[in-house]
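A short worksheet on the structure shown next.
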Number of protein chains: 4
Amino acid sequence: MRSKIDQVGQNKASFIEEARRRQIVEGAISTIASAGLPQASLARIAQDVGVSRGVISYHFAGKDELIQQVVNALFAETNRFIKARVDRAPDAPHRLRAFIEASFEFMAANRANFVALVDIWGSFGSPEAKRRFNADMYDPCRRHLEGILRRGQENGDFRDFSPRTLAATVQGAIDGVMLQWVFDEAAVDLADCAAELAMMFDMATRRRA
Amino acid sequence: MRSKIDQVGQNKASFIEEARRRQIVEGAISTIASAGLPQASLARIAQDVGVSRGVISYHFAGKDELIQQVVNALFAETNRFIKARVDRAPDAPHRLRAFIEASFEFMAANRANFVALVDIWGSFGSPEAKRRFNADMYDPCRRHLEGILRRGQENGDFRDFSPRTLAATVQGAIDGVMLQWVFDEAAVDLADCAAELAMMFDMATRRRA
Amino acid sequence: MRSKIDQVGQNKASFIEEARRRQIVEGAISTIASAGLPQASLARIAQDVGVSRGVISYHFAGKDELIQQVVNALFAETNRFIKARVDRAPDAPHRLRAFIEASFEFMAANRANFVALVDIWGSFGSPEAKRRFNADMYDPCRRHLEGILRRGQENGDFRDFSPRTLAATVQGAIDGVMLQWVFDEAAVDLADCAAELAMMFDMATRRRA
Amino acid sequence: MRSKIDQVGQNKASFIEEARRRQIVEGAISTIASAGLPQASLARIAQDVGVSRGVISYHFAGKDELIQQVVNALFAETNRFIKARVDRAPDAPHRLRAFIEASFEFMAANRANFVALVDIWGSFGSPEAKRRFNADMYDPCRRHLEGILRRGQENGDFRDFSPRTLAATVQGAIDGVMLQWVFDEAAVDLADCAAELAMMFDMATRRRA
DNA sequence: CATGAATGAGTCTTCATTCAT
DNA sequence: AATGAATGAAGACTCATTCAT
């Protein structure tokens, strides 16, 4: 009985804590997306969330940790969506296509996430910080793609190529189109680009008959 | 007589002025690339260039103008290099290939430029500023590509597709790979990616026999 | 019956209350001694004591009152020890010696108390606050010494001097040596200093034969 | 000619810089003395000096450096005064007396310095910082005294004792009396204490006839 | 009694910019 | 043309204190 009370108490505390953190992280994404990272001061984020200035410092060790959590949230959400789509596909070619299509679909539905992401891309001071971001965030994406491509080669669906290089290329093509779309929503047609890229990478990977 | 002296004086002044501006712009690129935009204060740039704090404010209206000049310099230099290569190619397919290969070649030879560029990418506060950057800097690149593609279609070298969408896709693929390479030089093999993309876009654009 | 219960309740409450206050005061001394007063936030003290942040505010009107209680505890404990030693001495010269020796003995056994005290010494903002601290805490010490010295003069054990000045001098010598020892335990030999001061003040107060 | 101009330029620059630093350091001493270290924010110091908030940050790396410079100034000025007096004395006993008397004389003439010093005494967070302060500031004082005492022993003017311990005792007695006087100017008679201590240490060090 | 989330005032610090020399 | 001292706004962060649970 006692353990139950304690548990409830702890869960409640954790729950409130987690809810606040999520709320602040989402508010930060929204503020960054609408005002730009340089203008997204803790004061402004707090104001947008509707809490006092000190709350953020209370829940996060500092601005660095908040941004880190934003990045984590951004990638986690995207990856979860893509993975679900990819896992539903029957074979490697379809999985590759699902990866590309899901990426663009998620973009279209979550513009603020990517606007914020582009701002954060350029905010890492040192080369070392850039490297760490790449290792923590981009490597898993590339490895996911690499796995799809490699298994496709093993099954004989794909021709011979460097899975590593093609993974970087697929991810790069998606990100690069996204970048232009972030700068101006009207500059590129997301659906057309998705279709074009899906077709191109399909052609480029399939074994010649 | 007097006007001549004045002219000489002005020309000399203009020359010195221009030289100083170029020197500062190049120093800014170098500082941004090595320390990151957030750490690249005017004081630090001035220190790296080896001039006093006030010189930058003397030659530029403000930090915004300096960054704008940096962006201009970055794109101008890149575009000049690519254009020279493209113009030497005999037909549309070769011009497209030249565009891609020249892009990667220039990257490899001017890493600091692109590290700085990625930092600046994320520094535009408002959506409006992002849009303007896109219109001023990216649109010309896409239009250049679009022209190559459209003429290729007119000549019958290329199949039917949306030149606009494919231009965005080509540029996107180049930028996206560049981004990963900026984060970590060792993360991607630039030459392999260049070859892969050149081949893919060649296949994707050519008219089916 | 009821009153009895209430009384018991109150006594128990008072007892718990007092225990908590003592616990917090002692925790504060320890935290101040190890981290320094500037770093000894209520949050940190609470953490070191092992209670929640709000408990201190619950039991003390504010940080000022807590520090005041710390000062009280510091002086009370020290004075109790010294007084017990002094009262055991047979005559004025022995009482003076006992005062000095007990002071150093208590120091050696309660280092944290004095490290904390030195930090608090310097934390009184206004001249008025300094004066009040002196009146409340140092005056009693000097008066204790003054009484010893004056009675020694009345008994003919001591030569003629200003008891007030000598009291300040004795207390000063003790505190000044303590200060150096607080800064660096290895900087001074407490026992040697105690012996030296005891001897010196003995010589300086005794009536010339 | 050119070198002269340059030299003048540099000297002037250095001179202005040094003057400002001195001005700020003296302002800081005055503010600390009147308001207490905890209330002596950079904003308040700047206001008292009559300059803008940013000037202090411009001339000092941070508050820590400012306080360090205050400490340096405090000790340098005091030591210079004492040393001049001591050096004029003919032999060791007179030098010891000069040390004590000069200390008290300087105190009386520079109250703010010592009020500030007592506040700073307690502001060193970690034991390590306290140790460093002791090593940098107090050790030279004690070594000065130690030298006087040791040479007095070698000349046969002083009896046998530990110069190190007696140095700590002399310095301690001076500081401890000073402390009480800092808390309340009326609490101790500086001149009387000086005379008493000078006499006592004279008696305590002299060789018995 | 106790908790800890929330507050907002206050502090240090950085920085673009101005201006007298 | 260049300097660098000075400014003041804006930022992140700390902390004593309050209060609903």
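Side chains are part of it too, since the values below use all heavy atoms of this structure and drop only hydrogens, waters and symmetry mates.
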> Quick one: does D:Val182's side chain get under 4.5 Å of D:Asp119's, heavy atoms only?
Replying inline: no
> Any side-chain heavy-atom pair from B:Phe60 and B:Val25 closer than 4.5 angstrom?
Replying inline: yes
>> In whole Å, I'd like the distance from the CD1 atom of B:Ile24 to the P atom of F:dA1.
In response: 12 Å
> Once you round to the nearest 0.5 Å, how far does CD1 of C:Ile67 lie from CD of C:Gln69?
Replying inline: 10.5 Å
> Which of residues 39-48 of chain D have a heavy atom under 4.0 Å from DNA chain E?
Replying inline: D:Ser41, D:Leu42
> Is there a side chain to side chain donor-acceptor pair (under 3.5 Å) between A:Asn72 and A:Gln68 once you walk through the steps?
Replying inline: CA-CA 6 Å; A:Asn72 288 348; A:Gln68 183 59 51; 3.2 Å; yes
> Going by number, which of residues 117-127 of chain D have a non-hydrogen atom under 4.0 Å from DNA chain F?
Replying inline: none
> Roughly how many Å is it from CD in A:Glu65 to P in F:dC13, rounded to a whole number?
Replying inline: 11 Å
Enumerate donor-acceptor pairs with a distance under 3.5 Å from any side-chain N or O in residues 49-57 of chain C to protein atoms, sequence neighbours excluded.
none

> Applying side-chain hydrogen bond (donor to acceptor under 3.5 Å, both in side chains), which residue pairs with at least one partner in residues 27-46 of chain A are found, sequence neighbours left out?
Replying inline: A:Thr31-A:Asp48
> Is any side-chain heavy atom of C:Ile120 less than 4.5 Å from a side-chain heavy atom of C:Phe124?
Replying inline: yes
> Under 4.5 Å between any side-chain heavy atoms of D:Asp136 and D:Phe75, yes or no?
Replying inline: no
>> Measuring from atom CG of C:Leu117 to atom CG of C:Leu37, what distance do you get when rounded to the nearest 0.5 angstrom?
In response: 11.0 Å
>> Just the rounded figure in Å: distance from C1' of E:dC15 to CG of B:Leu66.
In response: 14 Å
> How long is the line joining CG of C:Asp64 and P of F:dC15, in whole Å?
Replying inline: 16 Å
>> Rounded to whole Å, how long is the line connecting atom CZ of A:Phe15 with atom C1' of E:dA5?
In response: 15 Å
> Looking at CD1 of A:Ile29 and CG of A:Leu74, how far apart are the two atoms once the value is rounded to the nearest 0.5 Å?
Replying inline: 4.5 Å
> Rounded to whole angstroms, how far apart are CG on C:Leu37 and P on F:dC15?
Replying inline: 11 Å
>> Rounding to an integer number of Å, can you tell me how far B:Arg20 CZ sits from F:dT3 C1'?
In response: 11 Å
> Taking for each residue the nucleotide of DNA chain F with the nearest heavy atom, is it A:Pro38 or C:Lys63 whose nucleotide lies nearer the 5' end?
Replying inline: A:Pro38
>> If you take any heavy atom closer than 4.0 Å to DNA chain F, which residues from residues 52-60 of chain D end up in contact?
In response: D:Ser52, D:Gly54, D:Val55, D:Tyr58, D:His59
> Can you tell me how far NE2 of B:His59 sits from CD of B:Glu65, rounded to the nearest 0.5 angstrom?
Replying inline: 11.5 Å
>> How many whole angstroms separate atom CD1 of C:Ile67 from atom C1' of F:dT17?
In response: 15 Å
> If you fit an axis to the five pairs at each end of the helix from E:dA2-F:dT21 to E:dT21-F:dA2, how big is the angle between those two axes, to 10 degrees?
Replying inline: 10°
> Taking all non-hydrogen atoms of both residues, which atom of C:Val115 and which atom of C:Ala33 are closest, and how far apart?
Replying inline: CG1-O, 3.5 Å
> Charged N to carboxylate O under 4.0 angstrom, B:Glu17 versus B:Arg20?
Replying inline: no
> Ion pair present between C:Arg22 and C:Glu26, side-chain N to carboxylate O less than 4.0 angstrom?
Replying inline: no
